[in-house]
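Below is one structure, written out as C-alpha cells; the observations come after it.
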Amino acid sequence: MEATKQIQQLQRLISDYLTDETRVHEFAPFLLDSIIQNDLLIDSHNATSEELVALKRKWTVRLNALLQSKIASTRWAALSLVKVTCEQSLALYMAHALSWSGQCLGFLARPEPTMVHTVAIEVLALIFTKAVGKPEIQAEVTSKLMPRYNQLLLSLSADNDGHKTSRTLMPIALSALTTNMRLFPSNTRHVMDKIMKTCVIPSLEGRVQMDPAVVGEYLSTSSKAGGKTSTPTAWEGTVLQLIGTIHIALDRLFDTIDEEDTVPTRPDGYESLSSFAADHVEAFPEALKRVQYIMDVISTFLTIKTEVAVVVPLGQIIQLVCRIFNVYEGCAMREFKPQNEYTSLMTLLPSLFINTNKLLASVIHCSHKGMTQLGKLLSRILLRLLTESNGKRSLRISVYNLMTLCLQHYGHAFASVVCKPLAQAINEDVSSQHKKNTVDIIAPSTIKGGKKRRLESKAPSLLDGSYEATIHQTSDILLSALDAAEQLLIQYGSSGMPASLRLSLDSMVVTRLLNQDDETDIVIKAKLYECLLSSVLNPPTSSLSSLLPHAIRIFSAGLNENAQELRSICSRSLNICDLCIHTRLPPIQRSSAPIARMTDDISVNLTEEETVRINDNDEKDQEMQQHTEPSSQPGNNTAEASNYSTFAVKVSVASPEPVVPSSAAAHDSLDRSASECTSNAPSTSVVEVYQSSSTVMEKEVLTTVTTMSDVEFVEDERSIINEDIEMLLLKMPPMLDDTNVVMSADETTSKTAATTIAIDEIAKEDDDAEEFLMPDIDMAGPDDDD
C-alpha cells in the first residue's frame, strides 16, 4: 500500500512539474518540500517493485536532462533536486555519484551565476562526505576528482582585484575546503599554503568580509592535518601566531601611550599581512578592525573540540589582556606625540575593551577551573571596567556578562571580592529606570500686534516653564544587571553577604516587581521573578528568608499575568515557596517482614482469681491447616505453614493488674494495633493480627479482644465470623467502634464466659512499656463514644 502511494505521488511530480523546463525553478520549492515531507525517494525494503525502480530511473533521466539546460535557473533547480536525491536515496547516490560530481565540476570550471556555483559546491560536498566508508566510491570519485575540486575552489575564492563574485564565494569555498581537510587530509594537505594565502590572510587583514567562525574552524582543522602526534604543537603555534599578529596591530594603536609594562617575549605573527598607514586617520580603523577580527578568530579557535589534549598558552593570552586593559582614559602619554592621535585612541577604547572581554570569556570557558588562581586579577580588572563603563551602554553590558560568568565559575571566593561595588552598580542601574530630569523649554520672544500674532504668542506659552521627562534605561542593561544580581545571590547570598547589601538587593527586586506596568518587557519581568526566587532559596541565615511572605504574595499575583511564560515561572516559584514553609519528611519506612508468629500462649489478667483458658479444638486446627498448606506444589514446608495457622489464646482471671504478654513475639504483633487503639482515648482496644502465609491463598486471621460492657463468647457461626473478619479488614486502620466482637472458642459450647476487661488499665500499661512507644497520633479515627 505504501509503495503504491509512493509511486503515485512521484509519478504526479514528474509528469506535472518537471515537463516544462522553463518553469521548473518556480516549482522547485514545492518539489523539494513534497519530496522531503513524504520521503518519496527513500529506499524502502518493502517497495522493491519493478514499477518503482523504473519510475526512479525516469526521475534521474529527467534530472540529467535538466542539468544540461541552457537556462541558469533551471540548472539551479536541477542541482537542488540532485542534492535532495543524494540525501534520501543511497541506491541512486551510488549509481550516479560519478556522473553528477563530474557535471558539478563542469559548472565550477565555467562562468556561472553565484547561485549555481553555490549549490554545485554543496552537492559536491555532500557527495564527498557520503563517500566516507565506501571504498568503491572513494576509488572512483574521491581519489580522481578531489585534487581538481580543491583547485577549482581556490580559483573561485581568489580575490581578483576585489571581484564581488569571489568575495561572495570565499566563505562557501573555505567551508568546503575545511570539510575536505577534515575528511581527506592526504588529498588536501598540499594546498594548505594556497588556502592561507588566498582565503585566510585576506580575512585577517580585513580586506574580505568573512565570518570569523569559518576562519577559526579552518585553522583548527589544518592543525590536525599532520596527524595526532603533531597536532598539539601545530595547535599551540597557530594560537601564538594569532596573538603575535594582535601585538603588531596594538603597537600601531598604542604608539602615543607610554606603556609601563611591555611584554618581554612576544610571539611572532603572520609576516605576510600588510602594514598600516603612517596617518592615524587611516591606520586606526584598519588596526582596530584587525584586532577585533583576530580576537573573534581566537575565541572560535579555543572553543572547538580537539581529538587530543592541547596546551592553551594562558600566559601569553593574559599578557595580551593586561596590555590592553592597562590603557585607559587619562593614562600617561609619550612625549612629542600628537594630541589628536591620543584623543582618537581614547574614542576607540570601549570597542577594544568589549572584544577583549569576549576573548577573556572564551578563555574562561575553555580553561574551566584553570584560571582560579587568577581570580584576584580578574576581579581588579572587572571592578575598574565597571567604574569606567558608566554611561557607556555596550561596555556596561559586556562587563556585567563577564562578571556573571566569573561568578558562575569561581563562586564564593570571587563574589566576596566584588560583592559591594557590584551590588551598588546593580542598584544604580536598576533604580535609574525611574530617574527623572527637568528640562526647561524657553518660549521665543513675541511681538505684540495683530490678532494673528497674539494667537501665535499664546501657543508657545503653554510650554513655558519645565516638565518632567522620564529617561528609560534600555532593557539590555537592565537584563544584564539582573543576571549579575541573580548569580551574586546564588553564590554569596547565604554565605557571608553583608546584611545591608542583601537588604538593598532584596528591596530593589521587590520594588521593581511592585512598580512594574504593562509596558515592562516580558524578559525583564521573568528575570525579576527569577531573582526573587533566588533570594528566597538563598536566605541570609539558616532560617527561612524574611522575604518569603512578600515573595508568596508577589508570585500569587503573578499567576494573573498575561504571558504564559510569566505564569509558569510564578507557579513553579509558588511550589518552591510552599516547600520552604511546609517541609516534607521522607515517608516512614515500615518493616516489610511478616508479622511475628504466635506460637506461644497469651496470658491476660482479669479481675477475678479464676483463669479461663480458651483453646481451639482439634477440628478447627485441622481445618485451618487445610487452608494454609498447599496441596500439589512441591518444596513447601508444611511444618512452617502449620506454625502460621495454629495458635492458642490463654486468658487468666486474676487481680486487676496491667496486661503483660507472655512472649516477645506477642509484643511485636500487638505493637502497631495497640498503639493505634490506645491513642484514641477514652475508649481503647487491643487488636491482635495473625497472618497465614501460603502459596495458594493469602489470608489474614483477625482475633480481637475489645472492651465495651463485656466480651461475649457465643456459639460460633462460621459465616458470621468470616463476615466480621472481612469487615474488619476493610475498615482498618480505623479499628473499632461501640460494637462488641463476638467470637467462638468452641463449637459445642453455646456461651462460655462474659467478662468485662479494663481497657484503660491495659492502655496505661502499653504506654509505660518501651516496646509500645509510638508518636501521639490519632490513627483510629474520630471517637464516637458518649
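Both backbone and side-chain heavy atoms feed into the values below; hydrogens, waters and symmetry mates do not. This chain uses plain numbering: 1 for the first residue, then up along the sequence.
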Looking only at the aromatic ring of each residue, does the gap between the centers of Tyr149 and Phe128 stay below 6.0 angstrom?
yes

Taking the six-membered ring for Trp, are Phe107 and His117 closer than 6.0 Å centroid to centroid?
no

Let's go through Ser398 and Asn357 carefully: what are the C-alpha distance in whole Å and the side-chain angles of both, what is the deciding distance for side chain to side chain donor-acceptor pair (under 3.5 Å) to 0.1 Å, and is it a yes or a no?
CA-CA 7 Å; Ser398 177; Asn357 288 340; 2.9 Å; yes

Please verify the inter-ring angle class for Phe325 with Phe353; under 30° counts as parallel, over 60° as perpendicular, anything in between as tilted.
tilted

Apply side chain to side chain donor-acceptor pair (under 3.5 Å) to Tyr400 and Asp429, showing your working.
CA-CA 11 Å; Tyr400 273 135; Asp429 288 335; 2.4 Å; yes

Pair Lys527 + Glu565: basic N to acidic O under 4.0 Å
no

Sidechain N-carboxylate O distance under 4.0 Å for Arg323, Asp251:
yes

Are the side chain of Arg252 and the backbone N or O of Ala283 linked by a donor-acceptor pair below 3.5 Å?
no

Quick check: closest heavy atoms across Cys419 and Met497, and the distance to 0.1 Å?
SG-CG, 3.9 Å

How are the rings of His280 and Phe284 set relative to one another: parallel (under 30°), tilted (30 to 60°) or perpendicular (over 60°)?
perpendicular

Indicate whether any N or O donor in one side chain lies under 3.5 Å from an N or O acceptor in the other, for Asn187 and Asn180.
no

Measure the shortest side-chain to side-chain distance between Lys224 and Trp235 over non-hydrogen atoms and say whether it is less than 4.5 angstrom.
no

Distance only, no hydrogens: is a donor on one side chain within 3.5 Å (strictly under) of an acceptor on the other, for Ser535 and Arg502?
yes

Looking at Arg334 and Asp255, would you say the former's side chain and the latter's main chain have a donor-acceptor pair under 3.5 Å?
yes

Does Ser274 offer a backbone N or O that forms a donor-acceptor pair with the side chain of Glu205 under 3.5 Å?
yes

